[in-house]
Enquirer: 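Take a look at the following structure, please.
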Amino acid sequence: MKFRLTALAAFAALLLPFNMFAADSVEAPVRHTFAIGTNDFLLDGARFQIRCGEIHAPRVPREYWRHRLQMAKAMGLNTVCAYLFWNMHEPHPGEFNWTGQADAAEFCRIAQEEGLWVILRPGPYSCAEWEMGGFPWWLLKTEDIKLRTRDPRYLDAARKYLKEVGRVLGPLQITKGGPILMVQVENEYGFYGKDAEYMGALRQTMLDSGFDVPLFACNPPYALKNGYRADLFPVVNFGSDPVAGFKALREILPQGPLMCGEFYPGWFDTWGAPHHLGNEQTYLGDLEYMLTTGASFSIYMVHGGTSFGLWSGADRPFKPDTSSYDYDAPISEAGWTTEKFFKTRDLFAKHLLPGETIPEPPAKNPVISIAPTEVTEGAPVFANLGTGFQPDSAETLTMEQFDQGYGCILYRTTLPAGPAVTLSAASVHDFGFVYLNGERLGVMDRRSGSFKLPLPERKKEMSLDILVEAMGRVNFGVEVHDRKGLHTPVKYSGAELDAWQVFKLPLDAAMLAGLHYAPAKLGSNGPAFWRTKFAVEKPGDTFLDLRTWGKGVVWVNGHCLGRYWNIGPTQTAYLPGPWLKEGENEIVILDLLGPEKPVIAGLEKPILDRLRPELDFAKSRRPKVTLKLDSASPVQAGTFEPGGAMQEVKITPPAKGRFFCLESLNAQDGKPFAAIAELELLDDSGKPLSHEGWTIAYVDSEERDKEDGTAENAIDGQTANFWHTQWGNAQPNHPHQLVINLGQTRTVGGFRYTPRQGDGPVGGRIKDYRIFVGDGLIEK
Ligand code: GLA
């Protein structure tokens, strides 16, 4: 019998609990309820174990949203979790965008049609290896804005955005008949700050924006208490050791369902570091533990997809993320099933809730190859600069001050004749390609903090160009305040250079449309756009082979596929079939270094794991320095406890210095390796020191081939990755030293050491150690 909504029935419905309303209705929406009970999540009053996985709509071509959601459902998930990225939805202040790839409401509706519930994570801060963690760049036009605080200039903007989120997605809450069960406030805020009032202000904004489902906050285990408030339901994020994670959660949540808000099956990749693969055995073991103990979880990512366009972010202090966001997730970048997919599915099948079934996965989308095609036309950057302008003031030259968000920017000035001198900038975000009269002299490189370059003697005046390429803004930590371009002062021979002419190269559609192409000449190797047409018989997914190209950005038929870089590990760009046409297609490639061979082809499989460090324009991966421990005396020496728990050590009296060195003397397991998941430094009152300006000054050994054991992993705020001394091609023994440059002389009253995480025996956990703090520990 069909339920007809009469005025009387509507009135009666108001008096009944929603789950009783229209129970056998087809026409009227079925209303369900969701609540957080004493022991469990409750869906329509019954115990509901959330088996969730994360997918970001903008990282999947819209045409494939349904396919990927069907895949998630077919892996056995009952819920999908989605961040929103503020910068996609408000590209300019007050101008909102919810269309195309940004149509978040449609993504939620499809999820509902496919039988999935939704957990929404609208930010305002999201992280996610996404440009600036989801913040719009224009926030940085306000010079001293303090993001993620109660700074009214930030908070007012965040309120306007969240109000708009409420307008668009509020109607899709379960309370209104939609799929959205819960909504997250902020993201891992406890890692960033401690201000519960800030979290309260955002929570209130969510309520004012019309959200009436449970609101929650997520944090890694060691940050759960920072900014904690009883009116935000807490969940914990971890990639291993659920026992320890939930133990930490229980300290602030004595009662109530346990949930892992982000459970990592793999990890993201950064340029120049090995491709990450998760440990399948511990992944499955930890999932099984959660399934059997009744915990809920969200697999981050169940399907990572691709950070198309210029949307990939950068890890801290500065490790730009690859555009592939494959993540070694159970559903691959192109939406394929994997072994992990089927093993997860088998596991889930044993732990279904009453009434649940798992459908078969949908068919794989067609895959094609594209025959090698020569790229014949070129548009040199220097011949396509457009009109430049002279900045009003030479004090700040960052992109944001010139109203530019993304892309490249060129700074031009004239140098008089004179002797050889050094050119230096305060810093460059992120790469400054330096040219003298059109000849490339070298690169200023933010990765190593190399912002100085020798300029040769000049017999006559010469033109100096600094072409700055902005990678994605850092998406984590204080470094999100990542202003792009040249940071002043820029000096040569002691004098400040200030008569600049500036050219904006935003790499947007308007700029691409205005380029002037001519038959390309190979060998000039200057920065250039390359273009060609190629034929496709029948569109299908393919992977553009970029192995003969240098560094830049690639577009097909106007769709920006993302960034590429010959150093790897990603060597291909995912090109979704729906973005191809039968017949003629157009490819445009910006190459800042110049290709080895201007040829493109489409492969049937991605290449995600090929590092080619020999092609890096940085001659050495770290600045050459000498460690001076002989004349220094340790400010602290001790022995760490075995196990994976974070350990806090006081330094008394507090020590002063620009450099902090941790030296391992041996490991808990007696082996030659040292590893650190995270180092936090404390001031003399025991509060964490800001990471602002931190870099790795020195490390004696790091694994850079067999896995990503780079030293930055120890100060990036993520306990899921770690610094690890070399174990692949060599196995140097203790002592090992890791030295952090704090950017300025600081007082260090202690530190927190988080050992490498993991279940069972974990290598690299340090036993005896010494600490050095001082200004003279490193000599250049
Ligand atoms: C976190 C964030 C996520 C994401 C992962 C790493 O802890 O909350 O947004 O950045 O780490 O992929």
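Only heavy atoms go into these numbers, but all of them, side chains included; no hydrogens, no water, no symmetry mates. Counting starts at 1 for both ligands and their atoms, in listed order.
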Enquirer: For ligand 1, which atoms sit closer than 4.0 Å to a heavy atom of Tyr83?
Expert: 2 (C), 3 (C), 8 (O), 9 (O)
Enquirer: Hey, does Tyr325 sit under 4.0 Å from ligand 1 if you only count heavy atoms?
Expert: yes
Enquirer: Quick test: of every protein heavy atom, which one is nearest to atom 5 (C) of ligand 1, and how far off is it to 0.1 Å?
Expert: Glu262 OE1, 3.7 Å
Enquirer: What protein heavy atom is closest to atom 10 (O) of ligand 1, reported as residue, atom name and distance in Å?
Expert: Glu129 OE2, 2.7 Å
Enquirer: Show which atoms of ligand 1 fall inside a sub-4.0 Å distance from at least one heavy-atom site of Tyr327.
Expert: 6 (C), 12 (O)
Enquirer: Please work out, at 4.0 Å between heavy atoms, whether the side chain, the backbone, both, or neither of Phe476 comes within that distance of ligand 1.
Expert: neither
Enquirer: What are the atoms of ligand 1, with element, lying closer than 4.0 Å to any heavy atom of Asn187?
Expert: 2 (C), 8 (O), 9 (O)
Enquirer: Taking the non-hydrogen atoms of Tyr300, is any one of them nearer than 4.0 angstrom to ligand 1?
Expert: yes
Enquirer: So do the side chains of Pro317 and Glu712 get within less than 4.5 Å of each other, counting heavy atoms only?
Expert: yes
Enquirer: Is the contact between Trp130 and ligand 1 made by the side chain, the backbone, both, or neither, using heavy atoms and a 4.0 Å cut-off?
Expert: neither
Enquirer: Can Arg121 be said to sit on top of Tyr83's aromatic six-ring, NZ or CZ under 6.0 Å from centre and within 45° of the ring axis?
Expert: yes
Enquirer: For Ser126 and ligand 1, answer yes if some heavy atom of the residue is under 4.0 Å from a ligand atom, otherwise no.
Expert: yes
Enquirer: Of the protein's non-hydrogen atoms, which lies at the shortest distance from atom 11 (O) of ligand 1, and what is that distance?
Expert: Gln718 OE1, 3.3 Å
